[in-house]
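Everything quoted here is computed from the prediction, not taken from an experiment. One-based numbering, in listed order, for ligands and for the atoms of each.
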Amino acid sequence: MKREILLWDETIFKDRDVLEFDHMPEHFAHRESQMEALKFCVRPAFQGARPVNALCLGPPGTGKTTAIYKLFSEMEAHSSKVVPVHVNCQMDHTRHAIFLRIYSKLLGHSPPTSGVSFKRVLERIARTMAKENRVLVVALDDVNYLFPEKEVDRVLYTLLRAHETFPGFRAGVIAILSEPALTYVFDPRVGSVFQAEEVSFPLYSMEEIRDILKRRADLGFYPGVVSSEIIDKISDFTERAGDLRVGIDLLKRGGMEAERRASRSISSEDVGRAYERSRLVHLSSALKPLRDEELLLLAIAAEMETSKAGDLYKRFQASTGAGYTRFHEILNKLDAARLVDTDFSGPGHRGRSRIVRIRYDPKEVLERVRPQEAPPQTRKYMD
Ligand SMILES: Nc1ncnc2c1ncn2[C@@H]1O[C@H](COP(=O)(O)OP(=O)(O)OP(=O)(O)O)[C@@H](O)[C@H]1O
Ligand SMILES: [Mg+2]
């Protein structure tokens, strides 16, 4: 008979990687119509024509990024005439960074000198593409990170109008936006060239959630570790949270809790304990890329809960000595990351009286940003 107790060198995980968010699921179910719509958009590129632009919209964890990865890997396997480039705008949030990303993908290396001008980078990309008769498809993932300073207008304008300067250069854009969408009004010059086909990614139904999580659990754990009751419980939590990542994280953390008890199966209590951490996967992933100064402003905003931008600035300046421009930049970044809401409607000098509201429970934010007032080198977000 199998022992109930797990030995030191034993594990219930068959493949831990499967339970990470960046794992690419082999089986991408329940998104057939979205994949079809995206294929329709990129199809012209295979005939050497300009692709139809697309805008993917949907709440977090509904498979938008996964759909693009799947689409791009199929495209690459099919033909080298089309060059798909996935840009994570949270990381590359300036036009320059985005074109460097395209350059590296196209030429297989970064530009020879780091200080190379934007004009040069664009010219090299456009001429190479035109000469080789290839078509560019750029996915701007989490495009909201390009909203501050209207960077998105510059990026779209350049990509979609470069053919006027470089004949033979053809590019299409797939923009990806997590809902609830921030309101953004494109510059009219961009609006006229970025006419996008909307592809909507609705929330998964309870049945779909259960199906996806069951498959993931079967790949991630040995048989008998996750019962169907546990899958039901996790699916229930996931549906309430509205983000599939919560379910994937619950599987992983539930497994860790079971191992902590040296048990061979995940119990309902394990899932309950795991939920404490898993329910805020969003908050955690939004905090990860922030720098100390940005975390500090977020912490002050959390302490104040709702404040006038001017008052927030005074406190921020008192602790950092930073100027208004820097403050304004960071505030926009926190807004784009959907950590705070800023209401631009109020009157006031340079927006100082606009209202800033923290979007999460302030206590949850402070616990993550300043765990027990740890020393600065460890203060950065802890998982
Ligand atoms: N249909 C599906 N089948 C299997 N796994 C899926 C499916 N949809 C999403 N996932 C998984 O859920 C997680 C989140 O998916 P993804 O990153 O594609 O969401 P997203 O819509 O891009 O979210 P966000 O708006 O937060 O960026 C990933 O780990 C992915 O593997
Ligand atoms: Mg995504």
Side-chain angles (χ1 to χ4, degrees), residues 15-38 54-74 84-93 138-147 173-182 184 198-221 226 231 234-235 237-239 241-255 278-289 336-339 359-360:
D15 182 355
R16 280 174 195 268
D17 288 346
V18 169
L19 303 171
E20 296 298 329
F21 300 143
D22 58 5
H23 167 77
M24 192 47 47
E26 190 125 339
H27 189 85
F28 185 46
H30 315 298
R31 285 298 178 235
E32 291 80 9
S33 69
Q34 288 77 3
M35 291 300 288
E36 278 312 308
L38 289 168
L55 175 62
C56 297
L57 285 172
T62 50
K64 299 181 297 298
T65 299
T66 310
I68 298 301
Y69 280 149
K70 286 270 170 199
L71 177 77
F72 280 9
S73 70
E74 272 187 45
V85 184
H86 177 266
V87 178
N88 173 352
C89 300
Q90 193 176 13
M91 273 164 61
D92 295 328
H93 49 81
V138 181
L140 299 173
D141 203 347
D142 289 326
V143 68
N144 49 297
Y145 283 95
L146 302 181
F147 290 174
V173 171
I174 303 176
I176 298 137
L177 189 54
S178 235
E179 282 181 320
L182 302 149
Y184 187 85
E198 273 190 23
V199 184
S200 138
F201 287 71
L203 287 171
Y204 290 115
S205 69
M206 191 65 175
E207 295 321 304
E208 291 169 342
I209 292 173
R210 199 179 288 131
D211 177 55
I212 295 169
L213 291 180
K214 167 92 174 59
R215 214 178 283 271
R216 207 97 162 193
D218 286 347
L219 293 170
F221 294 101
V226 192
I231 291 287
I234 293 182
S235 303
F237 275 133
T238 308
E239 199 211 15
D243 184 338
L244 202 58
R245 286 195 193 90
V246 171
I248 296 169
D249 204 52
L250 274 175
L251 281 174
K252 182 174 86 176
R253 290 190 194 276
S278 302
R279 74 202 158 93
L280 289 170
V281 284
H282 277 132
L283 177 57
S284 310
S285 60
L287 291 180
K288 243 177 210 162
R338 295 187 292 143
L339 289 162
R359 288 181 71 142
Y360 289 87

Testing L38, L177, T62 for side chain to side chain contact (heavy atoms under 4.5 Å, CB included) with C56, which one passes?
->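 Of the listed options, the one satisfying the test is L38.
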- Task: Apply side chain to side chain contact (heavy atoms under 4.5 Å, CB included) to R279 and list each qualifying residue two or more places apart in sequence or on a separate chain.
- Result: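 Y275, E276, E364.
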> For K70, does the NZ atom sit with more than 12 other heavy atoms under 6.0 Å from it, leaving out its own atoms?
Replying inline: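 Yes, because the 6.0 Å sphere around NZ of K70 holds more than 12 heavy atoms from other groups.
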_For E26, is the CD atom crowded, meaning more than 12 foreign heavy atoms sit under 6.0 Å from it?_
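Count not over threshold, so no.
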Side chain Q34, main chain S200, donor-acceptor under 3.5 Å: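 Confirmed, Q34 side chain pairs with S200 backbone.
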Report task. Sort by chain and number the protein N/O/S atoms found under 2.8 Å from the Mg ion (ligand 2). Result ->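 Protein N, O or S atoms closer than 2.8 Å to the Mg ion (ligand 2): T65 OG1.
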| message | Can you list every protein residue that has a heavy atom under 4.0 Å from any atom of ligand 1, sorted by chain and residue number? | response |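 If the criterion is a heavy atom under 4.0 Å, then ligand 1 touches F21, H23, P25, H27, F28, A29, P60, G61, T62, G63, K64, T65, T66, D142, S178, Y204, I212, R216, L244, R245, I248.
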*For G61 and D243, which heavy atoms make the closest approach, and how far apart are they?*
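Looks like CA-OD1, 3.3 Å.
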Exercise for the section: Taking salt bridge (Lys or Arg N to Asp or Glu O under 4.0 Å) as the test, write out the residues that go with D141, two or more places apart. Expected result: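 So D141 forms no salt bridge (Lys or Arg N to Asp or Glu O under 4.0 Å) with any residue.
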Margin query: Working note: R245 + D249, criterion salt bridge (charged side-chain N to carboxylate O under 4.0 Å, His left out); need CA distance, chi angles, decisive distance, verdict.
Written below: CA-CA 6 Å; R245 286 195 193 90; D249 204 52; over 6 Å; no
request  = Return yes if a side-chain donor-acceptor contact under 3.5 Å exists between R210 and Y204, otherwise no.
outcome  =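 There is no such pair between these side chains.
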